[in-house]
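Each remark here refers to the structure printed beneath this line.
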Amino acid sequence: MTTFADLGLSQKVLSAVTDAGYSTPTPIQAGAIPPALERRDILGIAQTGTGKTASFVLPMLTMLERGRARARMPRTLILEPTRELAAQVHENFEKYGKNHRLNIVLLIGGVSFDEQDRKLERGADVLIATPGRLLDHTERGKLLMTGVELLVIDEADRMLDMGFIPDIERIVKFIPFTRQTLFFSATMPPEIQKLADKFLQNPARIEVAPPSSTAATVEQRLVACGSKDFEKRERLRDLIRSQSELTNAIIFCNRKKDVADLYKSLEKHGFSVGALHGDMDQRSRTNMLQGFKDNEITLLVASDVAARGLDIPAVSHVFNFDVPIHAEDYVHRIGRTGRAGRAGAAFTLVSRRDAKYIDAITKLIDREISWLDGQQAIENADPADDKPARGRRGESKSPARKTARGEKRAREDAVEPAAVAERAAETVEADKPVEMATAPKEAPRKDREERQPRQERESRAAPQRTPEPANANNDRNRGRNRRGGRDNDDREPTPVGFGDEIPAFMMIGS
DNA sequence: AAAAAAT
């Protein structure tokens, strides 16, 4: 069998790998490392959890042993779609590069620019970046990409999903074409293939098995529940409490707001819980993830920022608080459990309005997911709809809608099981206080003061900093919503006093 | 109906 020693890695790297407890490379590592060391381009088709990260970190460390970085001219560049993934790659470099003296610089948003700048000035052997902050540094002239000898584009398909491809193309234009390029993607849709053709020259193509194998060890269940948030939270709590084998779990919500609300609710109910979504400040994101990895936190409520790529080795359970809108996200989410052949369980709460997404999922994974406790189709289990104006519904609608609604209602009334009605009743009682507690009225302006322009910041009465991590109102777009605030409004000025005739020279912009 | 990423 192939060992790491057979792959051509340097002694320094090998000893770090041995110290980390590894002796046998994964298929992607065995396939990608030798050609990478020969300075060939790589097209790696592999999911996270296949050892993909080490498949580029290890050969890079070996190659970087020769040569030295110059100020503001990184020698290698790794592009990642999310901050957490970038940080994770950084950790890998520290782990396997412990015998090296390399400057590894992490360029991600949400943290101090100046500190990154200072590190760049010292010369980066490895630059790990998310696209936005990288371009920011580049545009300010703080960073020259002309010295990059090796470029890694990781999670290319996710970059595509997130609309990063134009940024990636811009960045790649700064880098000499004599570079070596390692390109990784979990899937190869046509757009990604086109991109690979554009960026790579005669690549070695390494493809490893899709994660259908991981899904095999994951017990998947659908769980019928009401559409109302408090009903879903109640159902979730019951579900969590009824699990005997639960060591830790990720709970996915579709919206950041729901991540924040559910986090508060679970905390109030005494669970050990953290939260993770993209509008939390970076420090909370980092702390929450670390706490979860360190088993200080049992439950992590997260948006799809955590669905892919994050290397959390042993998650016993995944709960989908919402059915993911896109079927692929389901696969990524449940891929957080059952990793490395371990047993895992994935439960998906399904309310009436979520039910329509289930078909696409079963089609994608090519198998039925059974209902928990033999619960039947969602129609039977969800008497309450989510619309508050139930009594009046239909009266102001078109005749066609009215008929459809009427039918739906008749069906609901006909099949409503007593048990469900009972549960709904006790749910309302049990959860009322939480409803109050999570009402969205409170404190919309808590965090991210550092992002406001100075004048705005100073004119505000003593800003309250609270440790509250998951407030969806920490929206980075908040400034734009607050009319009357001057921040972010200077692009569309509305001069007063000229009526409709504003002299051209008064207008800002080109 | 979402999320992610620079400010």
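Order of the sequence lines fixes the chain letters, A, B, ..., with proteins taken first and strands second; residue numbering starts at 1 for each chain.
Atom C1' of nucleotide B:dA4 and atom CD1 of A:Ile165 are separated by 13 Å, given to the nearest angstrom. One interatomic measurement links the two molecules: CG of A:Asp281 to P of B:dA4, which rounds to 14 Å at whole-angstrom precision. The nearest whole Å value for the distance from the NE2 atom in A:His332 to the C1' atom in B:dA4 is 13 Å. One interatomic measurement links the two molecules: CD of A:Glu80 to P of B:dA4, which rounds to 17 Å at whole-angstrom precision. Put simply, CZ on A:Arg285 is 13 Å from P on B:dA3, counting in whole angstrom units. Rounded to whole angstrom, the span from the CZ atom of A:Arg333 across to the C1' atom of B:dA4 amounts to 13 Å. Atom pair A:Asp329:CG and B:dA2:C1' shows a separation of 9 Å (rounding to whole Å applied). Distance NE2 (A:His137) to P (B:dA6): 10 Å, rounded to an integer number of Å.
OP1 and OP2 of B:dA6 both lie 4.0 Å or more from every side-chain N or O belonging to A:Arg170. The phosphate of B:dA4 (OP1 or OP2) has a side-chain N or O of A:Lys256 nearer than 4.0 angstrom. Proximity of A:Ser303 to the phosphate of B:dA2: no side-chain N or O atom is located under 4.0 Å from OP1 or OP2. Residue A:Arg158 has no polar side-chain atom (N or O) positioned under 4.0 Å from OP1 or OP2 of B:dA5. Distances shorter than 4.0 Å separate none of the side-chain N or O atoms of A:Thr130 from OP1 or OP2 on B:dA4.
To the nearest 0.5 Å, atoms CE (A:Met159) and CG (A:Leu79) are separated by 5.0 Å.
Summary of the strand contacts: A:Thr82 and A:Arg140 both lie near DNA chain B, and taking for each the nucleotide with the nearest heavy atom, the more 5' one is attributed to A:Thr82.
Applying the ring-ring contact (aromatic ring centres under 6.0 Å, His included) test to A:Phe292 and every residue at least two apart in sequence or in another chain returns nothing.
Relative to the six-membered ring of A:Phe113, A:Arg140 meets both conditions, a distance below 6.0 Å and an angle of at most 45° to the axis.
A distance below 6.0 Å separates the ring centres of A:His317 and A:Phe319. Aromatic ring centres of A:Phe56 and A:Phe184: separated by under 6.0 Å.
When distances are taken from the side chain of A:Arg255 to each of B:dA4, B:dA2, B:dA6, the shortest belongs to B:dA2.
Counting distance only, with no hydrogens placed and no angle test, the side-chain atoms of A:His277 and the base atoms of B:dA3 include no donor-acceptor pair under 3.5 Å.
Counting non-hydrogen atoms under 4.0 angstrom, A:Phe113 reaches nothing in the nucleic acid.
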